[in-house]
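The next block holds one structure in the form of structure tokens; read it before the comments.
Proteins come first, then strands; the chains are lettered A, B, ... in the order of their sequence lines, and each starts at number 1.
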Amino acid sequence: MPRAIEVYQVNSIFQELREVMMLIRLYSVSKVYPNGAVGLLNVDTYIRQGEFVFLVGPSGAGKTTFMNLLTRQVLPTQGQVIVDGRNVVRMRPSEVPYLRRAVRMIFQDYKLLPNKTAYENVAFALRVTEANPRQVRTRVMESLELVGLACKARAYPGELSGGEQQRVSIARAIVGDPTILLADEPTGNLDLDTSWGIMELLLRINKRGTTVIMATHNRSIVNGMMRRVIELDGGKIVRDDERGAYRREAGHGMVLPG
Amino acid sequence: MPRAIEVYQVNSIFQELREVMMLIRLYSVSKVYPNGAVGLLNVDTYIRQGEFVFLVGPSGAGKTTFMNLLTRQVLPTQGQVIVDGRNVVRMRPSEVPYLRRAVRMIFQDYKLLPNKTAYENVAFALRVTEANPRQVRTRVMESLELVGLACKARAYPGELSGGEQQRVSIARAIVGDPTILLADEPTGNLDLDTSWGIMELLLRINKRGTTVIMATHNRSIVNGMMRRVIELDGGKIVRDDERGAYRREAGHGMVLPG
Amino acid sequence: MRLATVWYFLAEGWRSARRNVSLISLGTIAASLFVLGALALILMNLNHVSQLLQARIEIRAFLEDGLLPEGVAAIRAQIQATDGVAQVTFVSKDEGLRRLRGQLGEHAGILDVVGENPLPDAFDVRVEDADRTAQVAARISRIPGVLGVNYGQGFTEKLLATMRLVGVAGAVVAALFVAAVVFIVGNTIRLTVISRAREIEVMKLVGATDWFIRWPFLVEGMVLGLVGAAISGLLLFAGYNLAVRYITGLAPFIPVITAPEPVAALCVALLLMGVLMGAVAGGVFVKRYLRV
Amino acid sequence: MRLATVWYFLAEGWRSARRNVSLISLGTIAASLFVLGALALILMNLNHVSQLLQARIEIRAFLEDGLLPEGVAAIRAQIQATDGVAQVTFVSKDEGLRRLRGQLGEHAGILDVVGENPLPDAFDVRVEDADRTAQVAARISRIPGVLGVNYGQGFTEKLLATMRLVGVAGAVVAALFVAAVVFIVGNTIRLTVISRAREIEVMKLVGATDWFIRWPFLVEGMVLGLVGAAISGLLLFAGYNLAVRYITGLAPFIPVITAPEPVAALCVALLLMGVLMGAVAGGVFVKRYLRV
Ligand SMILES: Nc1ncnc2c1ncn2[C@@H]1O[C@H](COP(=O)(O)OP(=O)(O)OP(=O)(O)O)[C@@H](O)[C@H]1O
Ligand SMILES: Nc1ncnc2c1ncn2[C@@H]1O[C@H](COP(=O)(O)OP(=O)(O)OP(=O)(O)O)[C@@H](O)[C@H]1O
Ligand SMILES: [Mg+2]
Ligand SMILES: [Mg+2]
């Protein structure tokens with residue numbers, strides 16, 4: 001039956017195309033830390049170009065580990081990680097800076113340079129790319145404006161509130177128009193209004209083509225957006241819903257104690 | 001009318017008693033940082049022994065500043081701060097350590113000692129008080145157990161996830177049975193289940209007599225507990241409800257963007 | 001203070017003394033004290049040579065001809081009684097001639113031309129304090145029966161001036177070096193403290209008193225100072241013995257200190273200095289970072 | 001590399017060179033180089049004295065009696081032609097007697113007893129290389145018409161041995177000091193780098209290449225090295241001039257280097273060394289903290 005063979009071929013071509021379309025691909029990745037703690041366990045997944053993915057799961061589930069693998073902050077103890085066609089594990093050290101310019105991260109602990117002002121912190125992310133110095137100023141201020149911190153441009157991290165530092169970290173991650181944006185708990189220290197402002201921002205960036213992966217514990221944001229949700233627990237993927245909520249079931253077990 | 005005079009006197013005695021009962025008292029306190037940023041503006045308030053108070057408000061509203069004033073991490077530019085009968089502003093430097101043992105804080109940025117394990121970090125808070133070394137071990141492990149981190153006792157902060165570090169910080173704050181517990185965004189990096197676990201813990205501690213002040217952006221926790229809520233904005237108290245919600249009105253403006 | 005707390009301080013100090021940053025300070029302390037010790041050894045040897053040279057400075061008092069043995073004895077007694085005189089030795093005219101012959105070397109032939117010994121009897125006088133040689137010589141020359149005195153006038157003055165200069169220069173250089181070493185070691189420990197400023201801040205926020213924070217630093221400073229000094233002391237001791245063997249092989253006439261006591265004393269001084277510097281640095285520099 | 005980036009490196013390096021931590025390293029560099037420079041000055045002066053002393057070592061060649069002026073001239077020519085001879089001066093028998101009289105001092109009286117001048121005519125021979133004195137003297141003694149030679153045999157050997165020893169010891173001590181200084185300065189800069197390890201880590205996470213991080217450190221190191229060396233150079237220059245004035249006042253017979261050139265050359269060497277050390281330290285030590 002020649003037709004069956006054709007269907008088979010078409011399917012295989014689709015398969016290949018899908019593989020190519022996948023911006024991020026993890027092949028049975030495990031990360032066990034030297035002290036025996038499990039970061040990730042045999043994770044196999046992919047993320048497409050332009051997707052917006054929530055990473056949820058309890059504290060210590062492996063969300064940060066997942067992101068750190070994509071920027072080569074940690075190397076997997078097993079498996080391969082492909083980001084934008086490059087094998088992160090086998091990459092030469094000299095290629096890492098370029099990976100990190102394409103894959104920007106909003107760090108859970110902000111990781112701001114303490115001796116640089118908010119402005120300089122954001123500008124640094126552009127300077128490393130040897131961007132046109134005339135553009136740096138406008139782009140940095142634009143970015144700070146977007147997170148509502150233009151007025152704090154000249155403050156040092158030590159002079160900023162927790163939420164303000166978090167927003168500087170966000171501004172730094174988005175200033176370079178990255179291919180992939182990893183947002184690790186970007187609204188952990190922000191109030192609801194500001195959080196929604198940041199979500200709008202991330203959505204806008206996502207619309208412009210940037211793939212966004214966001215780790216969060218914020219139920220209402222995840223439930224309000226209805227995007228793909230990957231749930232981790234103990235380093236394993238326990239759920240992967242195309243249009244999911246924070247929890248599989250609606251009941252969120254809010255027991256008022258005392 | 002002798003009776004009227006009596007009522008007046010009784011009122012005044014009540015007033016005095018109330019003043020005495022107040023564990024924390026701020027008299028028109030302002031904090032303007034050297035760079036001109038406003039931390040607090042003319043705040044006048046009190047907190048009673050045994051109260052459980054939520055401190056809410058947008059990022060940069062002055063919540064952390066409020067707490068830092070109580071532990072003398074910053075000095076007010078104006079006004080007086082009385083904590084447990086002691087004037088924090090006029091206090092001699094040698095008294096400050098004792099203040100900080102009575103008023104423990106869960107820091108927004110955890111502030112763990114990087115060269116000590118989780119266990120040692122918690123133990124340090126007991127050691128400074130020259131506690132009985134035989135009790136230290138049991139109390140520290142108890143405390144780590146309460147935040148669900150007994151298994152990570154030997155891990156260094158750099159080997160812990162964001163939420164785990166936050167819980168070490170919580171364990172350290174509660175281990176010494178403080179008079180006052182200041183919790184600055186203690187669930188910012190925790191998932192809902194763990195957050196409710198922590199809230200149960202704080203409530204239990206509060207029941208044992210510790211006054212708890214908690215700064216948070218977590219709507220559902222504030223709304224679920226119905227305790228006193230002090231709302232700050234731009235350094236001013238804009239609301240002080242005995243049994244309040246995160247917002248005065250129920251509508252929380254959850255606009256789904258995009 | 002509880003015993004458990006003291007124990008904690010010791011354990012903490014020792015633990016953090018083993019850290020990377022501290023090992024760097026240790027190296028600096030050891031290197032600095034080694035340099036200082038080397039300088040001290042050089043100065044000690046210069047001083048040794050200078051004292052030996054000074055001890056060799058003698059006054060020769062020539063006697064009038066034809067004195068009776070009693071007269072000679074009387075003069076000897078008078079010289080002996082002179083203030084500042086340490087030792088008096090009689091040099092007969094024959095002995096004097098033999099010595100002169102030795103001094104003249106190749107020219108000694110001219111003495112054969114002289115039929116009779118032209119030299120008078122003399123006394124060799126050793127003084128207590130080389131600086132007062134001229135003064136003592138003048139007094140002796142005034143004793144009746146003394147023909148004249150000779151103490152290599154120009155040479156002695158030059159030698160003494162040089163000695164004094166070496167002494168002053170040595171003291172200045174040593175002072176400079178000690179200052180530099182204290183400065184450098186202090187700086188190094190300050191850097192390690194700065195690198196832990198955040199740690200100190202957190203400790204204060206958790207209710208630690210200043211002394212609770214300072215004690216481990218003090219212990220650490222003392223451990224580092226002690227170990228650093230011990231390392232430099234061992235190196236110095238070994239190095240000095242090697243050097244002594246080399247020198248005595250190459251130029252045996254140069255008098256070096258071979259007794260172990262002064263070198264051992266130096267090592268002990270270095271140890272004390274190391275511990276002191278460590279303690280002061282650990283105790284003092286931390287103070288600046290305690291204002292939180 | 002873009003010009004803007006280069007400018008950024010310079011600005012960053014300069015900015016952070018002005019920070020607290022860096023000022024401490026600056027002090028250490030200045031102090032270390034000062035100590036090193038002081039040592040170099042001392043060694044330079046010792047070398048100066050040693051060269052002057054060596055230049056004074058002479059061979060005296062006594063001539064047979066009764067030579068004709070032509071014979072004397074022939075001998076002079078032969079001595080002059082001897083390998084290793086630098087300069088030849090004729091010393092007549094009268095001149096020789098006058099000098100001997102000066103040497104004998106108080107004993108000069110014995111020369112009066114000798115009716116006739118017992119000394120022969122002689123040549124004073126200065127050699128090119130003091131170490132080869134004995135060899136040259138032996139050759140000269142074999143020239144016909146030369147009665148014998150005298151070059152203060154024992155003394156010259158001792159002097160040369162001492163000189164050689166001082167030279168070796170100076171070189172060893174200098175090498176030790178240079179090693180110590182490089183070690184100390186390296187350590188100090190390493191500490192400042194460690195204190196900024198977290199900063200470096202963050203820079204790497206934000207996509208900075210290794211060189212992007214290293215360049216500002218390199219600039220900073222060079223600025224610190226240069227300024228530190230300049231400070232120590234100025235102090236040395238001023239201090240040395242003071243010392244020279246003091247020495248020439250106290251002991252004018254001690255020959256010190258008064259020409260400004262060698263001291264200036266030393267300062268330039270210190271500057272170069274400072275910049276080099278700073279650059280190497282800034283460039284090399286940062287590397288260890290780049291593996292993130
Ligand atoms: N550097 C490390 N060394 C050892 N163990 C580590 C290290 N980093 C993380 N871990 C462990 O790996 C597990 C996963 O950590 P990870 O940071 O990925 O969690 P997470 O999902 O980000 O948690 P959170 O929501 O609390 O931030 C945790 O148990 C943690 O203790
Ligand atoms: N050390 C400081 N120097 C200068 N300004 C500061 C300093 N600390 C805080 N501020 C400013 O004071 C204001 C209040 O800060 P605070 O940290 O109290 O806010 P917060 O309510 O805790 O905010 P968040 O929810 O983001 O933690 C902010 O505008 C902040 O920029
Ligand atoms: Mg995390
Ligand atoms: Mg805050």
Worksheet item: Top residue by heavy-atom pair count (under 4.5 Å) with chain C, among D:N187, D:L176, D:V181?
Response: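 Looking at each of D:N187, D:L176, D:V181 in turn, D:N187 comes out on top.
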Item to complete: Mind ranking D:I42, D:I247, D:L39 by heavy-atom pairs under 4.5 Å with chain C and telling me who comes out on top?
Response: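 Option with the top pair count is D:I247.
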Discussion item. So, applying side-chain contact (heavy atoms from CB on, under 4.5 Å) with C:I184, which one of D:I24, D:I184, D:I29, D:V35 is it?
Written reply: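 Checked D:I24, D:I184, D:I29, D:V35 against C:I184; only one passes side-chain contact (heavy atoms from CB on, under 4.5 Å): D:I184.
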Worksheet entry | Proximal component of D:V168, with respect to chain C [non-hydrogen, under 4.5 Å] |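 For D:V168, the side chain is the part near chain C, not the backbone.
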Worksheet item: When rounded to the nearest 0.5 angstrom, what distance separates OH in D:Y246 from CG in C:L165?
Response: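 Taking OH in D:Y246 and CG in C:L165, the distance rounds to 6.5 Å.
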Worksheet item: Can you say whether C:V172 sits under 4.5 Å from chain D via the side chain, the backbone, both, or neither, judging by heavy atoms?
Response: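 Neither the backbone nor the side chain of C:V172 comes within 4.5 Å of chain D.
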Fill in: Heavy-atom closest pair, residues C:F183 and D:T28
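Closest approach of C:F183 to D:T28, heavy atoms only: CE2-N, 3.8 Å.
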